[in-house]
Amino acid sequence: MDSNINMPLETYVNSTYKTFKEAERTYYKSKNKLMVVIYILVIFMIICSLLLLMLGSDVTTSITFLVISVLYLPGIYLIRLLLIKKMYKTNAALHDSTIHYIFYDEYFELSTPLTQSKVKYEAIYSTIEGDNYILLLPSAKKFFIIDKRNCSEELINFLHIKMEEINARNSKK
């Protein structure tokens, strides 16, 4: 590790529904390729539905495909919002609290008024960085939220080093 970094490094995250929703948006933005495929598929279904209508095919089938295609994306968006709200509600210990992070070379600690944990970087299998958040993922659907707006430049540089190590280690698997 860089000897110029003064350890430990600290930050905090205000754990609110808004923060959770923004972090989830960061998570989903990282899945861009999947979203592009879904958009292309929906456009293809709309075009096929319109072609079937113009060619005089079964009107019921054509309209059904058209309605499903048009409602698919808003439906997915609403389902995602409901899932975000449900996931936030299931973690009642974190509601409207402050999560305090302390970063060391080999692990980080996080604490709230009700909980305290120690997580080794080896337990993190992936990372995602957005405009305002860094997400440390111990599994595919769970993540620790780091709000970059509350981080020192030194901490952000340290996290970038750790993110490179984590992503390099897990790309070999």
Side-chain angles (χ1 to χ4, degrees), residues 1-41 73 76-173:
M1 189 53 51
D2 189 353
S3 60
N4 295 330
I5 296 178
N6 297 318
M7 300 304 283
L9 298 167
E10 300 183 43
T11 190
Y12 68 93
V13 174
N14 292 319
S15 181
T16 63
Y17 177 68
K18 180 183 177 201
T19 302
F20 191 76
K21 195 164 83 171
E22 289 173 355
E24 279 285 332
R25 193 171 295 132
T26 299
Y27 176 80
Y28 282 106
K29 278 184 181 177
S30 74
K31 308 293 182 207
N32 262 347
K33 291 178 184 174
L34 176 62
M35 293 308 294
V36 168
V37 169
I38 290 172
Y39 288 137
I40 290 171
L41 187 61
L73 291 178
I76 291 294
Y77 179 77
L78 289 174
I79 289 170
R80 198 179 103 220
L81 282 180
L82 291 172
L83 288 174
I84 289 170
K85 191 169 276 192
K86 181 181 176 186
M87 287 189 305
Y88 180 74
K89 285 181 178 181
T90 60
N91 214 339
L94 298 178
H95 287 195
D96 298 320
S97 65
T98 300
I99 303 171
H100 183 239
Y101 289 93
I102 304 174
F103 293 90
Y104 300 93
D105 276 334
E106 300 299 319
Y107 62 92
F108 63 94
E109 296 176 346
L110 62 141
S111 59
T112 69
L114 300 175
T115 63
Q116 189 166 350
S117 298
K118 178 177 169 180
V119 180
K120 291 186 176 189
Y121 296 111
E122 298 164 1
I124 304 299
Y125 97 98
S126 183
T127 62
I128 297 171
E129 183 172 10
D131 294 335
N132 296 323
Y133 297 98
I134 293 175
L135 307 178
L136 305 175
L137 288 80
S139 68
K141 301 283 183 190
K142 295 181 180 179
F143 48 79
F144 299 103
I145 303 169
I146 312 296
D147 189 337
K148 292 176 11 181
R149 297 167 291 194
N150 300 334
C151 295
S152 66
E153 192 66 35
E154 187 176 31
L155 176 54
I156 290 175
N157 291 336
F158 173 79
L159 289 171
H160 284 154
I161 292 167
K162 287 298 179 187
M163 290 167 67
E164 286 176 18
E165 291 173 7
I166 290 165
N167 293 333
R169 177 186 72 226
N170 292 325
S171 68
K172 294 177 186 175
K173 291 181 180 177

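When a residue number appears, it is its place in the shown sequence, counting from 1. Note that these values count all heavy atoms, side chains included, but never hydrogens, waters or copies made by symmetry. For clarity, every value in this text was computed on a predicted model and none was experimentally measured.
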Which heavy-atom pair separates Asn167 from Ser126 by the least distance, and what is that distance? OD1-CA, 4.1 Å
Whether the side chain of Thr11 engages the backbone of Asn150 through a donor-acceptor N/O pair (distance < 3.5 Å, no angle test) should be reported. yes
Measure from the side-chain N and O atoms of Lys148 to the backbone N and O of Gly130, and report whether any donor-acceptor pair falls under 3.5 Å. yes
Other residues, nucleotides, ligands: >12 heavy atoms within 6.0 Å of Tyr104 OH: yes
Taking OH in Tyr17 as the centre, count heavy atoms belonging to other residues, nucleotides or ligands within less than 6.0 Å. Is the count above 12? yes
Nearest 0.5 Å, please: how far is [atom2] in [Y] from [atom1] in [X]?
X      : Y      : atom1 : atom2 : result
Glu165 : Lys162 : CD    : NZ    : 4.5 Å
Leu41  : Ile38  : CG    : CD1   : 8.0 Å
Ile102 : Leu110 : CD1   : CG    : 9.5 Å
Glu122 : Ile166 : CD    : CD1   : 10.0 Å

With heavy-atom distances below 4.5 Å as the criterion, would you say the side chains of [X] and [Y] are in contact?
X      : Y      : answer
Thr112 : Thr115 : yes
Leu159 : Phe103 : yes
Leu137 : Leu135 : yes
Tyr27  : Phe143 : yes
Glu154 : Leu9   : yes
Phe144 : Pro138 : yes
Phe20  : Ile84  : yes
Cys151 : Ile146 : yes

Derivation and outcome, side-chain contact (heavy atoms from CB on, under 4.5 Å), residues Val13 and Thr19: CA-CA 8 Å; Val13 174; Thr19 302; 3.8 Å; yes
Please lay out, stage by stage, how Tyr133 and Arg149 fare under the test side chain to side chain donor-acceptor pair (under 3.5 Å). CA-CA 8 Å; Tyr133 297 98; Arg149 297 167 291 194; 2.8 Å; yes
Step by step, work out the side-chain contact (heavy atoms from CB on, under 4.5 Å) result for Thr26 and Ile128. CA-CA 8 Å; Thr26 299; Ile128 297 171; 4.0 Å; yes
Side chain to side chain donor-acceptor pair (under 3.5 Å) between Tyr101 and Glu10, intermediate numbers included: CA-CA 6 Å; Tyr101 289 93; Glu10 300 183 43; over 6 Å; no
Aromatic Phe108 / basic Lys118 pairing, under 6.0 angstrom, 45° off normal: no
May I ask you to establish whether Arg169 and Tyr121 are in a cation-pi arrangement, using a distance under 6.0 Å from NZ or CZ to the six-membered ring centre and at most 45° from the ring axis? no
Hey, are His160 and Glu129 close enough side-chain-wise for a donor-acceptor pair under 3.5 Å? yes
Identify which one of Ile145, Val119, Thr127 satisfies the side chain to side chain contact (heavy atoms under 4.5 Å, CB included) criterion when paired with Leu136. Thr127
Between Glu24 and Lys21, does any side-chain N to carboxylate O distance fall below 4.0 Å? no
Give the C-alpha distance, both sets of side-chain angles, the deciding distance and a yes or no for salt bridge (Lys or Arg N to Asp or Glu O under 4.0 Å) between Lys120 and Glu109. CA-CA 9 Å; Lys120 291 186 176 189; Glu109 296 176 346; over 6 Å; no
